[in-house]
Amino acid sequence: MIRLLRQNWIAALGTLAIILLLAAMPAVATPFLLRVGQTILFGAALAIAWNILGGFAGYWSFGNAAFLGLGAFAAGIFQEHGGIADPQLRFLMSIFAGGLASALLGALIGYPILRLRGTYFAIAMLGVALVLSELSSSVDLFEGALGITIDTVTDIAPDVYFFYAFLVLAVVALGVAAVVRYSRLGYGLIAIREDEDTARMLGIPTERYKMLAFVLSAILTGLAGAVYAFSLGYITTSSVFRTDLSLNMIVYSLLGGMGTLLGPVLGAALMAFLTQVVLGDFLQIHMMLTGAIIVLFVFVLPKGIMGALPVGPRYAGEDVEAGNLALVSSEISPVERGESSAGFLSVRSLSKHFRGLKAIDGVDIGISKGSISTIIGPNGAGKSTIFNMVTGYLQPTAGEIWYKGSRIDGMATHRLSERGIARVFQIAKPFHGLSVYENVLVGALFGRSGAYNPTEVAVAALKLAGLMPLAGELASSLPVGHLRRLEIARAMATRPQILLADEPCAGLNPTETREMMDILSKIRNQGTTVVLVEHDMETVMRISDQVFVISAGKLIAEGEPRQVASNPAVVEAYLGKPLETSGAMDDLDQKGTLS
Ligand code: ADP
Ligand code: MG
């Protein structure tokens, strides 16, 4: 938090100044301006809450009005039946009831609904809002069809009173969002947005994090709904379960800058100013102009107002000198005793069937500690499927997976990362929207459990992959050769004891391939066991201690590279042509090792 303030002191001071100015506003402002202010603060609070899940984690909800409406009704019902006489206390307790009701709803539906991704999640939330809206108008307790009258709270002018209420609400929401954004939770959510599969592999407990963000977003929206209910004085189904408010939250975040802290606030301010102050007298064309503004923004400023400000991706590691390479080696923590060197990682009679297809069929592989082992085999042989099972993305149909003396099949991916297993995917999955440094930092913030300084680890991993000069670049700007190295650096930042790299040289030219091999050798020499999937025979021969050949889901050969290369079954299945034509084999021939 201190570092955060040091880096963002201009924004922090600016925000504080604006909050103080706003607090002084009721003394000078006209009732009209106060109402505009209320609209902005209410909209900002809703958009900030929406942005915690939608902006940070990329889970767009089209139905946050569900939490808004529920919060409003819970507050209304509580003030009516709660039995508290003191109006001030009743007001506060009712607001609290609104937040609580929404939190419960979030906790109840979170687990199933967050399993949906993308549009499915968005639409499901819309459904939740519709169901609740319908319930509120047909269930007697809610009295939504007739409406609930809400008592006046205070003797102060309501305009002023609710201006302050919404101000407190918006400040609380912003505070919560700021803490989330710069905590591990925030980095975890952003990683989920960028690529959820990779996030799991880096050790992020994705289910728990999404749930937390969802419930936080629900609570803040419920609180806003409750305050809103009191400001209206009378609520019905149609005044609080408002689809247009669900959409406004998204629009404000989009216009201001999706996933940024202040974006939702700026978006709310801009839209309220345009619709109420500028267009206030042209009510007939109001919606049309609002629509036109949205379209204009999407075309001209797709990243919103924040995206237009000159703040590039940040590289916060300048002040770190250490970045000792030892930080990303396995030797930083004492190696667990009692591990047998052979079978550090092993799969036994492992099978994976996809309906009729036996993608993997009774495979046994034992990886020795401290080695570089390579799995080779034709396309579709089942190599990636083995990695998917070892890293918890797929459940084996049969067989066992053992790592450091315990069974790991069935374990969640992020738990495996905590235990020191890292993986690089066959298709590069960088976090495009983050800088090179931030990509690696996410790995350093999660991964294998233990005490360490994430910044130093990230720098060490960047150095290992030779990426320090590019630390501040946006990952999306890197060419493929650098992307592959970025993925290795990010995986190594999790401080793994074993690295599974699925075709890390795919798409690389010969020079880049050689560089990649050097990096992998360095990784092994630092104490991390490496398992590769690789096509290029020459590369395999040069780097591997052990080779496993998979063909059509079965292990057809294993051993030292030379033995394997001379195995007729391998020649037949893998190369489909005589080995003598391969350059790598010529080398070996000259050394007289092939008969
Ligand atoms: P390799 O990595 O050796 O090229 P894969 O392990 O990706 O091969 O795939 C092995 C076989 O399993 C292929 O025939 C592939 O189509 C199939 N396969 C892989 N994953 C799935 C899946 N999730 N569902 C169905 N079939 C799959
Ligand atoms: Mg593959």
Side-chain angles (χ1 to χ4, degrees), residues 115-118 120 195-198 200-201 206 345-365 367 372-401 408-413 416 421-430 480 483-484 487-488 491 498-508 513 516-517 520 530-537 539-540 543-544 546-558 561 564-565 567 569-577:
R115 300 182 77 91
L116 304 171
R117 291 192 190 180
Y120 296 101
D195 192 300
E196 194 161 342
D197 286 334
T198 306
R200 287 163 66 196
M201 196 65 249
T206 51
L345 174 76
S346 59
V347 305
R348 303 179 189 166
S349 313
L350 192 68
S351 295
K352 180 71 198 178
H353 300 172
F354 298 109
R355 296 173 193 264
L357 175 74
K358 293 180 174 171
I360 287 294
D361 194 18
V363 165
D364 291 271
I365 289 179
I367 306 288
I372 294 189
S373 305
T374 309
I375 302 177
I376 61 172
N379 257 332
K383 305 178 298 292
S384 298
T385 303
I386 296 179
F387 277 11
N388 279 335
M389 285 189 277
V390 171
T391 51
Y393 287 87
L394 288 175
Q395 300 304 318
T397 311
E400 300 175 357
I401 306 172
I408 57 164
D409 38 301
M411 270 176 76
T413 303
L416 296 170
I421 300 182
R423 172 188 183 179
V424 174
F425 289 91
Q426 182 171 356
I427 295 167
K429 292 168 180 279
V480 63
L483 277 185
R484 289 280 174 190
E487 298 227 309
I488 296 280
I498 186 162
L499 172 70
L500 311 178
D502 200 343
E503 307 202 20
C505 302
L508 301 189
T513 302
M516 178 59 80
M517 289 301 135
L520 291 170
V530 177
V531 186
L532 278 180
V533 166
E534 183 48 54
H535 267 310
D536 181 41
M537 273 309 250
T539 313
V540 173
I543 196 172
S544 316
Q546 279 279 312
V547 176
F548 300 88
V549 187
I550 303 280
S551 177
K554 289 194 189 295
L555 184 72
I556 58 166
E558 67 172 288
V564 168
N567 182 325
V570 177
V571 179
E572 168 81 24
Y574 180 62
L575 294 170
K577 57 180 177 179

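Below, each value reflects all heavy atoms present in this structure, side chains not excepted, and no hydrogens, waters or symmetry copies. The first residue in the sequence is number 1, and the count goes up from there. Just so it is clear, the structure is predicted and the values come from calculations on it, not from any experiment. Counting starts at 1 for both ligands and their atoms, following the listed order.
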Item to check | Winner among V533, L394, T385 once heavy atoms are compared against atom 5 (P) of ligand 1 | outcome: T385

Which residue supplies the protein heavy atom nearest to [atom], what is that atom called, and how far is it?
atom: atom 21 (C) of ligand 1; answer: F354 CZ, 3.2 Å
atom: atom 17 (C) of ligand 1; answer: L357 CD2, 3.6 Å
atom: atom 7 (O) of ligand 1; answer: S384 CB, 3.7 Å

Next on the checklist: For a distance under 2.8 Å, tell me if Q426 has an N/O/S atom near the Mg ion (ligand 2).
Outcome noted: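 Coordinating: yes.
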
Checklist entry - For the Mg ion (ligand 2), does an N/O/S atom of S384 lie at less than 2.8 Å? => result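 Yes, since at least one N, O or S atom of S384 sits under 2.8 Å from the Mg ion (ligand 2).
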
Item to check | Enumerated ligand 1 atoms positioned under 4.0 Å from heavy atoms of N379 | outcome: 4 (O)

Item to check | More than 12 heavy atoms of other groups within 6.0 Å of K358 NZ | outcome: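 Not more than 12 within 6.0 Å, no.
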
Checklist entry - Considering residues, nucleotides and ligands other than F354, do more than 12 of their heavy atoms fall under 6.0 Å from its CZ? => result yes

Item to check | Donor-acceptor contact below 3.5 Å, side chain K383 vs main chain P378 | outcome: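 The answer is yes, because a donor-acceptor pair under 3.5 Å joins these two groups.
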
Checklist entry - Is it true that D197 and R117 make a salt bridge, defined as a side-chain N closer than 4.0 Å to a carboxylate O? => result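 Salt bridge: yes.
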
Checklist entry - Rounded to the nearest 0.5 Å, how far apart are CD of Q395 and CD1 of I401? => result 8.5 Å

Next on the checklist: As a quick check of understanding, evaluate side chain to side chain contact (heavy atoms under 4.5 Å, CB included) for S349 and D364, giving each step before the final call.
Outcome noted: CA-CA 5 Å; S349 313; D364 291 271; 4.2 Å; yes

Item to check | Residues I365, E558; criterion side chain to side chain contact (heavy atoms under 4.5 Å, CB included); working and verdict | outcome: CA-CA 9 Å; I365 289 179; E558 67 172 288; over 6 Å; no

Checklist entry - Can you tell me if G380 has a non-hydrogen atom under 4.0 Å from ligand 1? => result yes

Checklist entry - Considering distance alone, does some N or O of A359 sit under 3.5 Å from an N or O of ligand 1? => result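 No, A359 has no N/O under 3.5 Å of an N/O on ligand 1.
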
